[in-house]
Amino acid sequence: MNKFQYFLEYYNGEPLIIQLVWMVSCLLFLAVIILIIYLKFLRVHLRENEKITEKYTKDYELLLITYLYAETDENGVSLERQSVINELEKGIKNTFKRKIIVATFLKLGNEITGEMAESIHDLYSQTKLKKYALSKLKNRNWYIIARGIRELTLFHVKDAHDQVVKHVNHSRREVRKEVQLYLVNLFHFDGLKFLDDLQTPLSEWDQIQLLEELQKLEDQQIPDISLWLRSANKYVVIFALKLAKIYNQFGMKDVLIELISQKDEKVRLELIPVLSHLHVIEAKEVFKNNFNESSKDEQIAFFKLLENLIEPSDEPFIIEHIYHENFEVKYSALKLLKVLNAAKFENLELTPPESDFVKIVEFIKNN
Amino acid sequence: MDTSTINIILLIFHYLFFIYTVSVILSYIVLAFFSIVETLEYQKKNRFVNYKEILSSSISPSISIIAPAYNESLNIIENVRSLLSNHYANYDVIIVNDGSKDDSLEKLIEAYSLVKVDYLVNEQIPTKPLREGIFKSTNPAFEKLIVVDKENGGKSDALNMGLNLSESQYTACIDVDCLLLEDALQKMIKPFLELTDVQVIATGGVIRIANACTIKDGKLLDVDMPKSMLERAQILEYIRSFLLGRMAWSRLNGLLVISGAFGMFDKKIAIEIGGYDTNTVGEDMEIIVRMRRHMEEEKRKYKVAYIPDPLCWTEAPDNYKIFTSQRNRWTRGTIEVLRKHRKIGLNPKYRSLGLVSFPFWFIFERMAPIIEVVGIIYFCVLMYLKALRWDYAFVFFISAYLFTVVFSLVAILSEEQTYHQYKKKGTGIKLIITSLIEPFIFHPFVLYAAIKGNFDYIFNKKKKWGVMTRKGLSKKEAV
């Protein structure tokens, strides 16, 4: 007690700054103790959670398998199946167990196909899981909305369309992406209608995901993409160009030629390989005329196009660019010259010996 | 000097140290806050990401992994196998054998059925010439592999050779002895592909320490805590630095460094600025500063992104000699880069780069060891002059120590709540004990190495990399 009083007297007699440092030290000491206790608690909690999750996952997997292999009743749900549903309903009321049930549904859903997968989707709709997923769409937090949409996508809940589509222009990119994936997964090419009025960017990451989903579909008949190629949203145009290339949209030649005069360089860069792929020879002259005004990337892309669409009439243009300052253009031009006029290529003057030009010629000669 | 003059000088020192300490503490609190916000946001965003689609997509952009190797004969075969086992669809691996004096090349030729090929190199960045040439495998299983044998020119020169050879849009520059997780490439490429309003010029990944972990066939099987306190302290330091430091700078778009062990770049920008600087030992920091400087000068919107997932595991020094040599090099690298780009500092033309990131690095990274040593000298002077108030010194010391411990504990907490890599029973308490004793048994060596680095920078200009003896990650396989 005396020691404490002595300390108090000492403390009161010190300048304010030292009093403050003492206070900070005490607070930090308290923080150290709290953090150590909390860390201990957290680690134990995480470990226990892992164990419990593992146990419940096994239990629910077993229940789902019982449901899948239970006999069906012509008059409705069989007793065995009904008991599984009841068991699941009990678990669904608890948030922690609900998360495990959804994860188990998803895990099993990914492992099975055909009628069994359909049964899993039916079971999902029969339980209150669907109701919980739909309620997530009304949440204020964007990540809960996104999680809800993802769940509806994975369990093929088509009748949530109207509620999901409300978020198509959500301020968060992650939510918009989930909406787009929901539409494409469940409504296939029809789901792409969201592109008609899309005001927001569609990143390359999103585009790859959508294209991958589309390529999984059995029916590969794509709708008219001309509206998207003419869209005011450059991201929609770029995505439509990818569609044109993957789905060989030869009928879009005229719209594609219109796009050559697009102001955005990224669109033009995406366009060139598409023109090459679809053999739009008419585009060559336009590019040749604009060649010197084009960016370096466009010039390289155009020469790549020429590698695919070369004609004897291109020779003067090619010769004009065999000494181009850009290595890739020079390489393409020389390679094309060898194809068009081997004799001229062989007679090229190889000076100065250490130059890129000579290096490229020698390489083309040897390969 | 009379007593009053000495007193005034001491008082000035007194307040300077006090202001510096308070600003260090405040800046660390702010950084920790931003880091936690950024990590939570990252986790929320990435909970929905389906990386599998990007993995298998034929239209996913191409990536070249560039790995320089110098005398890595001991582990090169396993390390290359690990790099070749990534799950990304569209990538190649360029191993640049930088004039190794050992049998690395022969081993690679034999293990991967390599043959010399005629390869047209667009030498956009000047490098040392090829030695034996360029090799590719005759085995289709290793078609992604390109091995280049060149004259020794250092790590930067080897990376520049890789940049010249790469035909991909993006390049991942990595230390050949690092273990990359199978989904590392798609996680690193995501920021490049998903941001539409700014151009991502580089992404950095978290580096974790693999000492004592179980690794088999290039795969991380088990994470454990090493026995040596030096290695444990480095684990704690890496967690603190990557989870509480760099994440904050990523949020503020102020990252000045991406670890040389694993970083991904937009190749076009990396070449535009002339690749890696061969005249510095801090090439990983230098290239980022130069890229940022270039983008600022061109007035282009850009971002250096950061991925907090533990994607890359590396071997940390397990003895003090190699450790101090490594830190010495890091210090010299930082000094060289800050000096080379001093024009950026406090220059409003470079916006937050010049006004926030650069001054922060100068004051709290570059100057920190010097100020600490001056502080120790000041302490001794006070003792000599019998002007030291031991009770004041004690309370300041206690508060500084407790703040360090709290900061480390917050870092551990952040790790537990996010990635929870150290799951084994007992590892938590080991980390806590490390955070309590680390300021006494680890920090003095960090300080010594930093001061030695400053000394070598001034008086020993010829000193370059130093030797890092590796035991090899593959040795840690479970028996």
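Throughout, protein chains are lettered first and strands after them, A, B, ... in sequence-line order, and every chain is numbered starting at 1.
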Go through the atoms of [X] and report whether side chain, backbone, both or neither lie under 4.5 Å from a heavy atom of chain A.
X	answer
B:D197	neither
B:K425	both
B:S435	neither
B:F397	neither
B:L120	both

The complete set of salt bridge (Lys or Arg N to Asp or Glu O under 4.0 Å) pairs with one or both residues in residues 12-25 of chain A, sequence neighbours excluded, reads A:E14-B:R389
Non-hydrogen contacts under 4.5 angstrom with chain A: give the residues of residues 11-25 of chain B involved, or none if there are none.
B:F18
Using heavy atoms and a sub-4.5 Å threshold, report which of residues 235-247 of chain A line up against chain B, by residue number.
A:Y235, A:K242
Check: residues 403-412 of chain B side-chain donor-acceptor pairs under 3.5 Å, at least two apart:
{"unit_1": "B:T404", "atom_1": "OG1", "unit_2": "B:A400", "atom_2": "O", "d": "2.8"}
{"unit_1": "B:S408", "atom_1": "OG", "unit_2": "B:R240", "atom_2": "NH1", "d": "2.8"}
{"unit_1": "B:S408", "atom_1": "OG", "unit_2": "B:T404", "atom_2": "O", "d": "3.2"}

Classify the side-chain pair B:N122/A:Y331 by whether it contains a donor and acceptor separated by less than 3.5 Å.
no
Polar contact flag, side-chain donor to acceptor under 3.5 angstrom, B:T196-A:R173
no
Stepwise, does the salt bridge (Lys or Arg N to Asp or Glu O under 4.0 Å) test hold for A:R172 with B:E41?
CA-CA 12 Å; A:R172 291 293 301 214; B:E41 172 91 359; 2.8 Å; yes
